[in-house]
Student: 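Please read through the structure below; I'll follow up with questions.
Letters go in sequence order (proteins before strands), and every chain restarts at 1. The figures here come from the full heavy-atom set of this structure, side chains too, leaving out hydrogens, waters and symmetry mates.
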Amino acid sequence: MKNKDVVDILLKFADVLEFKGEAPFKVNAYRRAAWNISDVEDVEKLWREGRLGDVPGVGKALVEKLDQFFRTGHIRQLDEHLENVPKDLFDLLSIQNFGPKTAALAYKELGVETVDDLRAVVEDGRLANLPGMGPKKVANIKKSLELFETAQKSISIGMAVEIVAEVIAWLQENAGDKIGRISPAGSVRRYKETVHDIDVLVETNDGEAVIELFTQFPKVTRVLGAGATKGSVLLDDRFQVDLRAVPAESYGAARQYFTGSKAHNVKLREIAKKQGFKINEYGIFKGEAKIGGESEERIYHALDMDWIPPELREDRGEIEAAAEHALPELLTLDDIRADLHAHTTNSDGQHTLEELVGMMRRRGYAYMAVCDHSKSVFYANGMDEGRLLEAVEAIRRLNAEMSDFTVLAGAEVDILSDGALDYSDDVLAQLDFVVASIHSAFKQDPTARTIAAMENRYVDVIGHPTGRLISRREGFVLDMDRVMEAALRTGTALEVNSFWDRLDLNDVNVRKAVSKGVKLSVNTDAHHQRHLPMMALGVGTARRGWARKQDVINTFPLDELRRWQKRNR
DNA sequence: GCCGTTTTCGGCCCGACTGTTTTCAGTCG
């Protein structure tokens, strides 16, 4: 049973209780427990050890229900509730403007069980006849029903970062001096691996005009709402972007508020309240007096906390650390001196060695490692030993021509199904840098194969360690404790692959690695020039895992990297 | 349903917007 299964059932439970009109605080208790469980490493392990109750927000009643779930795959109380709710309750509740109260009314009075049922009663006018329903409410639900078909459920952080940059650049170009500061907010700013909508915050004294302008952005295909403080649009009928407009004196408070996460904000405001403050999107207040709001820093400082980097704001201990002035100094994009995993036309990359080196130099790196595929990965034009050694020679010649940049001759060598590597030690010994990755036979004991690869003295990094593809493929099942123990023992780094659909290791595993002292390597795995900026996604993911500069080998100057390699060979 | 440096009972984050309403309920973030 994975964390996600447990989180899903608790969220469903909360939806059902809300539908049934249970007390909001009870509903919220289920949701809060779900959030907290999504952050633990392995909830099933906690259950086996009888430590479920250690998770914040999980008390006696939930321990009992989850115990049922682990033992039988069901929760009796939930099954009983489900006998008396619409068949497609969870789909129905995901429709905007159609909340639990309305759903309950439509179910009770009209027998609405499915999205199609809802569509029917909207069309024939029966929904409009219910008490409290007027023509505008029905029209809004009708609009939401259309979006239910097309709207994307989640957006990758890579896509979101590009969209947000485009929107901000366009507004800056077209709004002139109407706007001041402008920033991403929400989960994009926190570098969450997938986001539901994209939030942008802008400082202005003329919100109405700026939001009107925003609705003119060329990719807007639908305007969902536009007022003086908030505009909401759909780009290409798929991506929802919300713009919030606030005056300078509340820009910081709004930025704090709209960055979230919700769990972080709830806890922060609880603490503020206990200290006699009130925080909202306009500022921080002591009694009636506003004592801050212009800057985000001021909000945290007023509570005697250090400013908390957005990537940490998940209520995973960052609030307590900020209060103790013990937050880590996180890795930054500027700390990165090299990209240690990129491909050329020798395997499946789109650029030649010379082109790739030019691009890396323009990004300001001091060195890089070329790591093309090895021979077993035939679908990616993997190189046999002959071609590899020719490529190494070409790199040596190129290095001789450069004084300010170094290319490490490397390989992304496959970890074969029996745990052996795709090149012999004699060949690996001629390389400057070795990434080892699993690309096949995911079910054949990936833990043992990964550890076997780490035991090889020439392997520096394990590439995309879990093999997951976000929203497409679960990673293979790795025993992370054993892998990290071996990484520590053999002096092998684990990759934080920055490709938008990998982000592997993920934030939770990065945190675990950092806490154990395992080194990381944040790389793009670039196959094309347009992949190089994804370094920011890997850095964001590493920051979400509390990684510092000293945890990441490609922040080292080259001579330090070489000393690190030497110690571990 | 959870939880305790205000509480083992009685609180639980806060506000905007919308639409339907003669003072508020529902939804959302």
Student: Is A:P24 touching bases, backbone alone, or none of the nucleic acid, heavy atoms closer than 4.0 Å?
Tutor: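 Answer is nothing: A:P24 stays at 4.0 Å or more from every strand.
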Student: Over how many whole Å does the gap from A:L105 atom CG to B:dT20 atom P extend?
Tutor: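 Rounding to the nearest Å, CG of A:L105 and P of B:dT20 are 14 Å apart.
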Student: Rounded to the Å, how far apart are A:F19 CZ and B:dG26 C1'?
Tutor: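 After rounding, the gap between these two atoms is 15 Å.
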Student: How far, in whole Å, is B:dC13 from B:dC28 if one measures between their C1' atoms?
Tutor: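 The answer is 15 Å between these two C1' atoms.
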Student: Could you check how far CZ of A:F98 sits from C1' of B:dA25, rounded to whole Å?
Tutor: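 Rounding to the nearest Å, CZ of A:F98 and C1' of B:dA25 are 16 Å apart.
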Student: When the distance from NZ of A:K101 to C1' of B:dT18 is rounded to whole Å, what number comes out?
Tutor: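 After rounding, the reported distance stands at 17 Å.
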Student: If you measure from the C1' atom in B:dT8 to the same atom in B:dG1, how many Å do you get, rounded?
Tutor: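 The answer is 15 Å between these two C1' atoms.
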Student: Ignoring backbone atoms, test whether A:K273 places a side-chain nitrogen or oxygen under 4.0 Å from the OP1 or OP2 oxygen of B:dC14.
Tutor: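 For A:K273, the contact criterion (side-chain N or O under 4.0 Å from OP1 or OP2 of B:dC14) is met.
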Student: According to a strict under-4.0 Å criterion, is A:Y282 in side-chain N/O contact with OP1 or OP2 of B:dC14?
Tutor: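 Answer is no, no contact under 4.0 Å.
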Student: Is there a side-chain contact between A:Q96 and the phosphate of B:dG29, meaning an N or O under 4.0 Å from OP1 or OP2?
Tutor: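 Answer yes for this pair, as a side-chain N or O of A:Q96 is under 4.0 Å from OP1 or OP2.
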Student: Looking for any heavy atom pair under 4.0 Å, which part of the strands does A:E22 touch: base, sugar-phosphate only, or nothing?
Tutor: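 No contact at all - A:E22 keeps every heavy atom at 4.0 Å or more from the nucleic acid.
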Student: Rounded to whole angstrom, note down the C1' distance from B:dT21 over to B:dC17.
Tutor: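 Roughly 15 Å separates the two C1' atoms.
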Student: Return no unless some side-chain N or O of A:N280 is found under 4.0 Å from OP1 or OP2 of B:dG15.
Tutor: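 For A:N280, the contact criterion (side-chain N or O under 4.0 Å from OP1 or OP2 of B:dG15) is met.
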Student: Do A:E193 and A:T541 get their side chains close enough for a donor-acceptor pair, meaning under 3.5 Å?
Tutor: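 A:E193 vs A:T541: no donor-acceptor pair found between side chains.
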Student: Rounding to a whole Å, what distance do you find between A:F13:CZ and B:dC2:P?
Tutor: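 For the pair A:F13 CZ and B:dC2 P, the rounded distance is 11 Å.
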Student: Does A:K12 make a cation-pi contact with A:F90, if we ask for NZ or CZ under 6.0 Å from the ring centre and within 45° of the axis?
Tutor: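 The answer is yes, since A:K12 meets both limits relative to A:F90.
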Student: Look at A:R126 together with A:D124 and state whether they make a salt bridge at an N to O cut-off of under 4.0 Å.
Tutor: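 Looking at A:R126 and A:D124, the cut-off is met.
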Student: Both distances under 3.5 Å, Watson-Crick or G-U wobble: report the partner of B:dA25, or none.
Tutor: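 Its partner is B:dT18 (Watson-Crick or G-U wobble, both distances under 3.5 Å).
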Student: Can you work out whether A:V266 or A:D242 has the more 5'-proximal nearest nucleotide on DNA chain B?
Tutor: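 Its nucleotide being nearer the 5' end, the pick is A:V266.
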Student: Please state the C1' separation for the pair B:dT6 and B:dG11 - nearest whole angstrom.
Tutor: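 Rounded to whole Å, the distance is 11 Å.
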Student: With a 3.5 Å cut-off and no angle check, do the side chains of A:Q256 and A:N265 form a donor-acceptor pair?
Tutor: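 A donor-acceptor contact under 3.5 Å links the two side chains.
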Student: Where each residue is assigned the nucleotide of DNA chain B containing its nearest heavy atom, which of A:P100 and A:P131 is assigned the position nearer the 5′ end?
Tutor: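 Checking each residue's closest nucleotide, the 5'-ward one belongs to A:P131.
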Student: By the rule that syn is within 90° of 0, classify the base conformation of B:dT6 as syn or anti.
Tutor: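 That one's anti.
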Student: Does B:dT18 have its OP1 or OP2 closer than 4.0 Å to a side-chain nitrogen or oxygen of A:N140?
Tutor: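 So the side-chain polar atoms of A:N140 never come under 4.0 Å of the phosphate oxygens OP1 or OP2 of B:dT18.
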Student: Starting from P on B:dC28, measure out to NZ on A:K143 and report it in whole angstrom.
Tutor: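 A:K143 atom NZ is separated from B:dC28 atom P by 14 Å.
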Student: Should the ring pair A:F13 and A:H81 be called parallel, tilted or perpendicular, given that the plane angle runs from 0 to 90° and is split at 30 and 60?
Tutor: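 Answer is perpendicular, since the angle exceeds 60°.
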Student: Report the nucleotide, chosen from B:dG15, B:dC13, B:dT20, that has the shortest atom-to-atom distance to any side-chain atom of A:K136.
Tutor: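 Shortest atom-to-atom distance from the side chain points to B:dT20.
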Student: Under 4.0 Å: is that the gap between some side-chain N or O of A:R244 and OP1 or OP2 of B:dG15?
Tutor: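 For B:dG15, OP1/OP2 do not have a side-chain N/O of A:R244 under 4.0 Å.
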Student: Would you classify A:L224 as touching base, sugar-phosphate or nothing, given that sugar-phosphate means primed atoms plus P, OP1 and OP2, and contacts are heavy atoms under 4.0 Å?
Tutor: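 Nothing: the residue A:L224, judged by heavy atoms under 4.0 Å, touches no strand.
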Student: Counting any heavy atom closer than 4.0 Å, what does A:P135 reach on the DNA or RNA strands: base, sugar-phosphate only, or nothing?
Tutor: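 Since only primed, P, OP1 and OP2 atoms lie under 4.0 Å of A:P135, the category is sugar-phosphate.
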Student: Between A:T102 and B:dT27, is there a contact of a side-chain N or O with OP1 or OP2 at under 4.0 Å?
Tutor: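 Yes, A:T102 has a side-chain N/O under 4.0 Å of OP1/OP2 on B:dT27.
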Student: What is the distance, to the nearest angstrom, from the NZ atom on A:K230 to the C1' atom on B:dG29?
Tutor: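 Rounded to whole Å, this separation is 7 Å.
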Student: For A:F499 and A:H531, I'd like to know if the aromatic rings sit close, meaning centre-to-centre distance below 6.0 Å.
Tutor: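 Yes, the ring of A:F499 comes within the 6.0 Å limit of the ring of A:H531, centre to centre.
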Student: Can you check the distance between B:dC14 and B:dC9, where both ends of the measurement are the P atom (answer in whole Å)?
Tutor: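 Rounded to whole Å, the distance is 25 Å.
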Student: Of all the choices, B:dA16, B:dT6, B:dC13, which nucleotide is nearest to the side chain of A:T229 once you look at every atom?
Tutor: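 Out of B:dA16, B:dT6, B:dC13, the nucleotide with an atom closest to A:T229's side chain is B:dA16.
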Student: Does the side chain of A:K278 get closer than 4.0 angstrom to OP1 or OP2 of B:dG15 through an N or O atom?
Tutor: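 Answer is yes, contact under 4.0 Å.
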Student: Identify which nucleotide among B:dG29, B:dG1, B:dT6 has an atom closest to any side-chain atom of A:K262, counting heavy atoms from C-beta outward.
Tutor: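 Of the options given, the side chain of A:K262 lies nearest B:dG29.
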Student: Answer with base, sugar-phosphate or nothing: what part of the nucleic acid does A:V27 contact at a heavy-atom distance below 4.0 Å?
Tutor: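 Contact class for A:V27: none.
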Student: Can A:D79 and A:Q77 be counted as having a side-chain donor-acceptor contact under 3.5 angstrom?
Tutor: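 No, no side-chain donor-acceptor pair sits under 3.5 Å.
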Student: Distance only, no hydrogens: is a donor on one side chain within 3.5 Å (strictly under) of an acceptor on the other, for A:R313 and A:S261?
Tutor: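 Absent: no donor and acceptor within the cut-off.
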Student: When you measure from the side chain of A:A29, which nucleotide among B:dA16, B:dC13, B:dG1 comes out closest?
Tutor: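 Closest nucleotide to the A:A29 side chain: B:dG1.
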Student: Using the P atom in both, what is the distance from B:dG15 to B:dT22, to the nearest Å?
Tutor: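 That atom pair is separated by 25 Å.
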Student: Would you kindly give the CD-to-P distance between A:E270 and B:dC2, to the nearest whole Å?
Tutor: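 That distance rounds to 15 Å.
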